Structure formats: C-alpha cells, structure tokens
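Take a look at the structure below.
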Amino acid sequence: MKIGIIIEREYLTRVKKRSFLLITFLAPIFFAALMFLPALLMTQAEKFDEKKTIAVVDESTMFIGKIDDTDFNTFIYVDYSIDNAKNLVKDGVYDGVLYIPATTLNVPTNAEIYSEKQIPMSVTSHIRSSMKNVVERQKMLASGIDPEIVKASATSINVQTIRMSEKDGEQKSFGEFEFILGLFLALVIYFVIFIFGSQVMRGVIEEKTNRIIEVIVSSVKPFELMMGKIIGIALVGLTQFLLWGVLTLALSGVASAFLPTQDVFSAGSVMNQPIAEMGVQPADTGALTEVFEVINSINFSDILWCFILYFIGGYFLYSAMFAAIGAAVDNETDTQQFVTPISLLLVIPMVSSSVIAAAPDSSFALWMSMIPFTSPVGMMLRIPFGVPIWQVVVSVAILFITFIVFTWLASKVYRTGILMYGKKVSWKEIFKWIKY
Amino acid sequence: MNFLEINNVSKSYGSKKVLNDISIKVPQQSIYGLLGPNGAGKTTLIRILNQITMPDTGQVLLNGHPLTPNDIANIGYLPEERGLYKKMKVGEQAIYLAQLKGMSKKEADKRLRQWFVKFGIASWWDKKVEELSKGMQQKVQFIVTVIHEPKLLIFDEPFSGFDPINVNLLKNEILELRDKGATILFSTHNMSSVEELCDNIMLINKGEKILEGSVYDIKQRFKSHSYDVVYKPFDGSEETKLTVSSTNPNELIREILEKGELVSFNEILPSMNEIFINLVSSSNQ
C-alpha cells in the first residue's frame, strides 16, 4: 500500500525534526517542574530557614513549659524583664521575644511578640493554640470539669455530598476539582487539535507551493496523499503524548528520589505541615485527604481512553477541513478567512466551559458534547463529572461518522485545489468543487 | 504498433471546453511532440494520461488496453511546474518518490545510486534539497522520473532551467531511453529541440488539434518551394547568391547551369518555429 509509504514519510520527517525532539523532552521537564516546584520550594525553604529562638517572658507564669518547640522554633523561658529581653533581641541573642503580661483579675488572653524580622503566621498560630489549650484547660478545671471528658466528647461532623447515579452506585461529588480537570482536558484537546491540524494544513500548502504535488499525484491518488498525511501526523501526535507520559513519570520518579518527601502524590504531606502548625483542627485537615479521595474516585483510565478517542475523532474531522483549506489557497497568509470560522466551532464550548461545568447534565452541555464540531471539547469538560456511557458512545459515533463524511468532502476540495494556482478562492468556489 | 492511443478525448471545466475531441497515436519507441501555446490544453491532456484528471468523454489506450491504476508504474512524468521537498535529503527523497512509483526501497536505492554516479551528482546524496541550485534539482527530478524504467515517459518542458551543457546531456539521455524501448511524449515551446528530437508532433490550440504528423511531412507540407542558390558566373565575376521560388527545381538548375558554375543549391524548409507561429496566429483569428 502506497499510503503506508506516505504515512512513513510524514511521520519520520516530523519525528526526526529537532523541534519535535526539543518539545518532546522539554515539555515533561516543564510538567515535572510544575508538579514539583511547590514541594521543592517548600522543602528548600525549610532547609534555609534556621531555627528561630524565641524568648518567653511570662509574667503570668501560667505558660512556662507549656508552649512546645516546633521544627522551626525553640522557646526559651527567661526571667528577664521585657525591656531587657527586647535589648537581647536587638543584640541578636534571640530572634524574638514573646511577652505574656500578668493579669490580676482574669486569665491572660493577650500576648505580644517583639522581633526585628517578621514572625511567620505559623508561629503566632502555634502560640495562640498552645495558650488557648492551657487557658481552656485551666477554666475547665476551675469549673470542676475533667478536660479528658471534654476531649473525649469532641466530635467532628463531616457532611459529604453524594450524587446518585445508576452506573457506579453512589459516588462522592467534588465540583471544583472536576471542573479544573475538565477544563485542563478541554484545553489540551483544543490545543492539540489545532496544533496538529494546522501541521496538516502547512504540509499541504508546502506541497502545493513546492510544486512537488504534481509529481506525487501522478503516482498516488490525492485521497491517499491526504489521508497519509493526516494519519502520519496523528501518529506524530500520539507518539508525542506517549513520550510525554513516559518521560513525565520517569522524571517524577527521579525527582522524588532527590526530594526528602518520599513520593510525588503525597506532596500533600508537605502541605500538611503548615496546616498543622497553623493549629487547624484535625477535622479540617481532612480537606486535603478529601482531594486525594477525589483523585482516587476518578476513573483516570476511562478518561484517558475518552481523551484518545476524542483526540482522534476531533483531529481527523478538523484536519480534513484544514487539508482542504491548505489545498484551496496558494499560501499561508490566505488561510485566515477559512480557518477563523472553522476554529470558532471549537471555541464555542471552550468559552462556555463554566456554563457546561456548572451544569454538566444540562441540555446545553449535552448538545455541546453531541454536536461533532464541539464534542471533543464539550465532552472533555463533562467527562470528569461522570457521563452516562450511552452518551459517550452516541457522541463518539456521531463524531466518527461526521469525520468520514467530512474527509470525503474535503478530499473533493483537496483534489481540485491542489492543482489550482493563482486563483483567489472563495467559500462559494469551494462549495462548487464539492459538487464536481 | 501504437504504444499510446488517445481516442476522441474531450474535457470541460464548467462551461469552458479545455480539450475538444483530441485523438493521437504514438508509435512505440518514438518521440512525440505535444506543441501548443500556453493554455492550449497540453497540461490537461498530460494530466489525463497520468490519471490525475479523468476525461469527460473519450478513451486512452496504453499498449492496446484502457488505462488502469496499475499503469502508474508504467508512466514516468516530469511536470513543467516541478519541485521537491526542500527540507528533505536528496537521496531519501528520491527513494521516496521511487517507492511511490511501486519500486522496493532496496531496488530504488541501488538504481538511484547508479544514476547519481552517471549524472556526476553522487556527492549530493545526503545534501538537503534546499542546498542545491535550481538546475541541480532538475537533474534529480529527471532521474526520479525515469528511475522505475517506465515504458511511457512524459516530459513537460524538460530543458527549462538547464544550461546548454546539461541540455545536451539530457537530450542524449532522452534519445538513449527511446533507443532502449521507451515511448516518449514531449511537450515544449523550444522548437529547435522539437526538430532535433521528435519523430511526430501534434499542435493544439484552444483545445483543438490543428496539426499532426511527422516532422518531415509537416515541413514538406508547409514549404514555400523556395531555394537558396549560389553559383559562380562564367564571366568571372563574384559568386552570386539568390533565393528563387520555383515549382520545378530541375528547370531551375538547368537555367543556373547555363549562367555559371553551381556552388550550392538548397531547398528552404520552414522551421517548426515558423510553422508554429503561423498556424497558431491564423487559428486565433
């Protein structure tokens, strides 16, 4: 089959290009950096942050020995007067001084911290919660309540929203995360369709302006050449995705080996620390585990398959149109009048992404994920929220039937256009070619 | 035996008739000139032979049978507007184009290297096309056209962009290909090369055939019965040169022999160029 020879050339010439290699290897570094930079910065910040020593002048004497040292702060209880302590801070002996004035009537509820440098919020909240515990305990004891009973009776109430669906039984729903994931997938599919689709268009224009086209169409049918190009470039795209995936995972693996925090996906453990330090109640730290729960609840392999199906369908549909445009014009500057209206089709679901995500089961969202020109983006926006399988099947079927019809129409325009030079082509002219 | 026969082919684009009832017969192992001004329909006719476009009516017979998609491997086509992928290496590209004509990669590689040596361009194999001059690219294109040893070769303006030395090289190659058995269809505006190479020609204008035949016959048909005569008069004066029209050359020679010693006697035949210009301009009126 000659189409195989064409696919091979289209594939190899692109894969061997320096720019392909560059993008293939740089992008995963970028992805990995995106994943790791926050974690890396945090751990680095800890390393460079020296331990701060804070002197405690406790005139109330209630808190002596009650504020625990943390990883970053040591608390030293001193007998100096507050003014002396302040001078010692100025001399650099201490990084700060915590002053708890004595109170006569009530339990102390005020404290002051003096320092030359800004004291991090995590320190003040640590102090606040430590003092709070001491005072509360004091008050309970004073009222004859056993603090242990109070502790035991503390209950955290967790309200979860659970959506009922026929498919997977009951599932927890988490709006924001799914919206972000959907938006990310939609953006990626939107860009890859345009990036690889316009590569098809440029390839066609290249052959036309090079005038190699006449030699080639005397050897193969224009349809074979067009399909060979489209398939070859699709394979370039899939190769790129595959390499990105593999390299990103590999880089993540390497990077996590160099980081003190053991594995990538527990990057949350890094984030856990400041949260704990801020004295947030244990019940609230559940927010983070919840995020991981969401991540676990999403079926990534289903999403991946959908992504690949919609990439292939959407790419073929749009690149067939792009190939026809490339054949119709004489140079790249003439493509705009045709590319703009076509790209608008894919922009519609993109700009209405928040509407779709706000009500992923609305009829608008349904239409956006069914109409073949918008469905690659429309469905990507909906898919993390869970889409009934029949909708995916119908939508993919419509998409693939449309791309077959459009490839056929495009090949008619292509066949006429590639051998036509020096003619300003209009939409009217293109429809005439379809009728030939 | 006619290797290529075109029978009553017509083609229209919209309301414009590009070819009107064109028929030609090209004998095996001959060079056939396809002549005509720009826009006469030559390229359309060639595209029909290459099955790039289909005729509205009429039939093309190759070696006695109607054209089939398999005949692509039997045809080599050098278009007038030709080019190569600029970023691709010369050798790789030549192999690719040969593969599209149905050759295996190995066979294409072997034969191409022989041709590259023959044309003295072996050192270009790994160069990118964009590094070559236009004339150099044309050489590569010529090789790619003939590499699969097609039985029918179609050359559209093969000499454009070549210097005289390479034109000569190409002419000899074309003649050699014919002698080896190829049938050649040759389209050009260069009338001197038509006279040199073509056995038969057809002249078309505005899609209509206006002249067909062997180069010799056509010249005979359009001759004006004029003769260039040079003789040395008996009275000892200088050699005399004159152009005489006569329908009876024997009588003319006899008259001259009475006046002096005949030095040379040549019939003036019209050049193909003159015939071309006269016919096209009269058919345009």
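These numbers come from a predicted model, not from an experiment. Every chain is numbered from 1, with letters handed out A, B, ... down the list of sequences. As a basis for the values below, the full set of heavy atoms in this structure was taken, side chains included, without hydrogen atoms, waters or symmetry mates.
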Listing, residues 180-189 of chain B side-chain donor-acceptor contacts under 3.5 Å, not counting sequence neighbours, or none:
unit_1, atom_1, unit_2, atom_2, d
T183(B), OG1, Q29(B), N, 3.1
S187(B), OG, D156(B), OD1, 3.2
T188(B), OG1, E157(B), OE1, 3.1
T188(B), OG1, N190(B), N, 2.9
H189(B), ND1, E157(B), OE2, 3.0
H189(B), NE2, G36(B), O, 3.2
H189(B), NE2, N38(B), OD1, 3.4
H189(B), NE2, K42(B), NZ, 3.1

Donor-acceptor pairs are to be reported for all side-chain atoms of residues 89-99 of chain B against protein atoms at under 3.5 Å, with residues two or more places apart or in another chain.
unit_1, atom_1, unit_2, atom_2, d
Q93(B), OE1, Y85(B), N, 2.5
Q93(B), NE2, Y85(B), O, 3.0

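No side-chain heavy atom of Y11(A) sits less than 4.5 Å from a side-chain heavy atom of E8(A). Inter-residue side-chain proximity for I22(B) and M202(B) is flagged as met; some heavy-atom pair is nearer than 4.5 Å. At least one side-chain heavy atom of L175(B) sits less than 4.5 Å from a side-chain heavy atom of L197(B).
Cation-pi geometry between K151(B) and F3(B) is not met: the NZ or CZ atom fails to fall both under 6.0 Å from the ring centre and inside 45° of the normal. A cation-pi arrangement, defined by a distance under 6.0 Å to the six-membered ring centre and an angle within 45 degrees of its axis, is absent between K127(B) and W125(B).
Options T209(A), I213(A), I216(A) differ in how many heavy-atom pairs under 4.5 Å they form with chain B, and the most are formed by I216(A). Interface summary for chain A: among Q51(B), E80(B), K86(B), the most heavy-atom pairs under 4.5 angstrom belong to K86(B). When each of T43(B), L100(B), N50(B) is checked for heavy-atom pairs under 4.5 Å with chain A, L100(B) comes out on top.
Partner L112(B) forms a side chain to side chain contact (heavy atoms under 4.5 Å, CB included) with one of V140(B), V117(B), I143(B) and no other, that one being I143(B).
Listed by sequence position, the residues of residues 188-201 of chain A in contact with chain B number zero, using a 4.5 angstrom heavy-atom cutoff. Within residues 217-246 of chain A, the residues that have a heavy atom under 4.5 Å from a heavy atom of chain B are V217(A), S218(A), S219(A), V220(A), listed by number.
Listed for the K208(A) side chain is a donor-acceptor partner under 3.5 Å among the backbone atoms of V329(A).
Taking the centre of each ring, W427(A) and F338(A) come in below the 6.0 Å mark. Taking the six-membered ring where the residue is Trp, the centroids of Y414(A) and F322(A) are separated by 6.0 Å or more.
At a 4.5 Å heavy-atom cutoff, K17(A) makes no contact with chain B through either its backbone or its side chain. Residue contact with chain B, scored on non-hydrogen atoms closer than 4.5 Å, involves the side chain of E206(A) exclusively.
Residues T333(A) and N331(A) bring a donor and an acceptor atom of their side chains to less than 3.5 Å of each other.
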